[in-house]
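Remember, it's 1-based here, ligands and their atoms both numbered in the order they're listed. Keep in mind the model is a prediction, meaning the values are calculated, not measured. Quick note: numbers below take in every heavy atom, side chains included, and nothing from hydrogens, waters or symmetry partners. The first residue of the sequence shown is numbered 1, and numbering continues consecutively from there.
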Amino acid sequence: MGTTLHVTALAADRGAGVAAIEAAFAAVARLDSLLSTWRDDSEIARLNAAPAGAPVPLSAELFTLLAEALRWCRATGGAFDPAVGPLVDAWDLRGRGRMPSAAELARARAAAGCDAVTLDAATRTGRRRSRLSWLDTGGFGKGAALRSALAALVGRGAEAGLLDFGGQVLVFGHPPAGDGWRIPVAHPAHRTAAALKLRLPGGLSAATSAQSERFVTLADTTLGHILDPRSGRPVAPWGSVTVVAADPAEADALSTALFVLGPEAGPRWAEHHAVAALFLVDRDGRLEVRSAGGADRFVVQDVKDTITIGG
Ligand code: AMP
Ligand code: MG
């Protein structure tokens, strides 16, 4: 999936811990073989390359994951759109970046959206609506992989641990010391610096979405990797969203969705749906923190004393 996984596990002894960690990596490798759009031989890559309109048989596991992603698409009014692929192409976000013409943008928007790839449960198939349509699993694949990795670790007897998958963290069990797992949240503009620290009890995952994670530079503008499916354009870099949830796939999908919804509508959506989310809003270099769904209960340390909790 184009990123790095770090696993720390506590188990009865070293052998059990190593076996559990190996099982976790095997689980992630399996999810990668289903969901990665960075290789041609994954199951999703075959669906994405199939002729438009042709039903493609899917494994039960991939079918379930895609159905889940499409549910998040509808639940967020299309802000989370796993079929954002044509827009990624229009802006060449996996290449050097380019400015699409109005006509290209319109074509790409027509090929994206919650109905761009349809699933049929009776035949367990998926089909692309147009030859431009494809599913980009970048917004939820890491969370889905973390869910499988956790099941593998616990299944092999790991008692506690921390998984860090390209910035999305999952913790389970009791930490070796202290009363919770300490998790830094990156500064939205300087991703190697921590803006805040969270204290999470075991059994939770924290996913962060921001434009500083990945972007391409075009002339004098920067195109972030998160697109607003409503306009078809990259979301302007306003800050970051961290979602804390028991289900890592949900945290992943919703952090992307709430980043698209932005610092005003995002907190309202999160509050209304009881989703714990922290919005770090960049106000001319000063960070303002907005908490929704009670997420401020996880914040233990403000690195910058200018940060205020509100919202
Ligand atoms: P994340 O870092 O989890 O927020 O996911 C961002 C990635 O998801 C991007 O790199 C794209 O691969 C994909 N993506 C971009 N925009 C969207 C969107 N509106 N909905 C779902 N996935 C998206
Ligand atoms: Mg995400």
Side-chain angles (χ1 to χ4, degrees), residues 1-4 35-39 42 44-45 48 65-66 68-95 97 108-109 111-117 133-147 164-170 185-186 188 191 205-216 222-245 247-262 265-266 269-270 275 277-280:
M1 295 181 199
T3 188
T4 312
L35 286 179
S36 179
T37 55
W38 297 93
R39 50 195 268 191
S42 67
I44 190 95
N48 282 339
L65 288 167
L66 297 184
E68 187 180 344
L70 292 174
R71 272 200 304 280
W72 287 121
C73 190
R74 301 208 163 80
T76 60
F80 175 78
D81 181 6
V84 78
L87 294 168
V88 173
D89 288 339
W91 294 91
D92 192 26
L93 294 180
R94 291 195 169 186
R109 288 176 66 194
C114 308
D115 299 318
V117 175
S133 305
W134 60 277
L135 294 171
D136 181 345
T137 54
F140 68 100
K142 284 186 281 177
L146 279 173
R147 190 160 65 191
D164 183 345
F165 198 6
Q168 180 172 351
V169 171
L170 182 150
V185 175
R191 60 173 310 211
S205 182
T208 298
S209 291
Q211 293 295 44
S212 56
E213 276 170 41
R214 269 214 342 264
F215 53 85
V216 293
T222 293
L223 306 175
H225 65 128
I226 302 176
L227 292 146
D228 186 338
R230 298 165 299 183
S231 65
R233 295 169 185 281
V235 178
W238 57 265
S240 72
V241 183
T242 300
V243 170
V244 178
D247 178 358
E250 172 180 334
D252 194 359
L254 290 183
S255 71
T256 309
L258 292 173
F259 187 80
V260 171
L261 290 175
W269 194 97
V275 169
L278 284 171
F279 296 76
L280 270 53

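Near Gly138, meaning under 4.0 Å from any of its heavy atoms, are these atoms of ligand 1: 3 (O), 5 (O), 7 (C), 8 (O), 12 (O). Those atoms of ligand 1 that come under 4.0 Å of a heavy atom in Val260, given as number and element, are 19 (N). Near Asp252, the atoms of ligand 1 lying under 4.0 angstrom from a non-hydrogen atom of the residue are 3 (O). Atoms of ligand 1 found under 4.0 Å from any heavy atom of Ser209 (numbered from 1 in listed order, with element): 1 (P), 3 (O), 4 (O). Within ligand 1, the atoms closer than 4.0 Å to a non-hydrogen atom of Pro229 are 19 (N), numbered from 1 in the order shown.
By the 6.0 Å and 45° rule, Arg94 stacks over the aromatic ring of Trp38.
To the nearest 0.5 angstrom, Asp136 atom CG is 9.0 Å from Ile44 atom CD1.
In summary, the side chains of Gln168 and Ser205 do present a donor paired with an acceptor at a separation below 3.5 Å, with no hydrogens or angles considered.
The closest donor-acceptor contact from the side chain of Trp72 to the backbone of Gly78 lies at 3.5 Å or more, if one exists at all. Distance alone, capped at 3.5 Å, places no donor-acceptor pair between the Asp228 side chain and the Arg233 backbone. In this structure, the side chain of Thr242 does not engage the main chain of Leu278 through any donor-acceptor pair within 3.5 Å. No donor-acceptor distance shorter than 3.5 angstrom exists from the side chain of Ser240 to the backbone of Ala210, with no hydrogens or angles considered. A donor-acceptor pair is defined here as one N or O able to donate and one able to accept, closer than 3.5 Å; no such pair exists between the side chain of Gln211 and the backbone of Ala236.
Distances from ligand 1 to the non-hydrogen atoms of Phe80 include at least one value under 4.0 Å. Under a 4.0 Å heavy-atom criterion, Ala79 is in contact with ligand 1.
Here's the thing with Pro82: none of its N/O atoms is less than 3.5 angstrom from an N/O atom of ligand 1. Not a single N or O atom of Arg94, backbone or side chain, sits closer than 3.5 Å to an N or O atom of ligand 1. When only interatomic distances are considered, the shortest N/O to N/O separation between Thr208 and ligand 1 does not fall below 3.5 Å. Taking distance alone, with nitrogen or oxygen atoms compared against 3.5 Å, Ser255 stays at or beyond that limit from ligand 1.
Shortest non-hydrogen contact noted between Ala111 and Ala116 is O-CB, 3.1 Å. Nearest heavy-atom pair across Ala69 and Phe80 is O-CE2, 3.6 Å.
If you look at Asp136 next to ligand 1, the close heavy atoms, those under 4.0 Å, all belong to the side chain. Residue contacts with ligand 1, taken as heavy atom pairs separated by less than 4.0 Å, involve Thr256 via backbone and side-chain atoms alike.
Ring geometry for Phe279 versus Trp238: interplanar angle under 30°, hence parallel rather than tilted (30 to 60°).
Among Val84, Leu254, Leu227, the residue whose heavy atom lies nearest to atom 19 (N) of ligand 1 is Leu227.
Asp89 meets the salt bridge (charged side-chain N to carboxylate O under 4.0 Å, His left out) test with no other residue; sequence neighbours excluded.
For the Mg ion (ligand 2), protein N, O or S atoms closer than 2.8 Å were enumerated as Gly139 O, Asp252 O, Asp252 OD1, Thr256 OG1, with waters left out.
Ion pair Glu250/Arg147 not flagged as a salt bridge, since none of the NZ, NE, NH1 or NH2 atoms sits closer than 4.0 Å to an Asp/Glu carboxylate oxygen.
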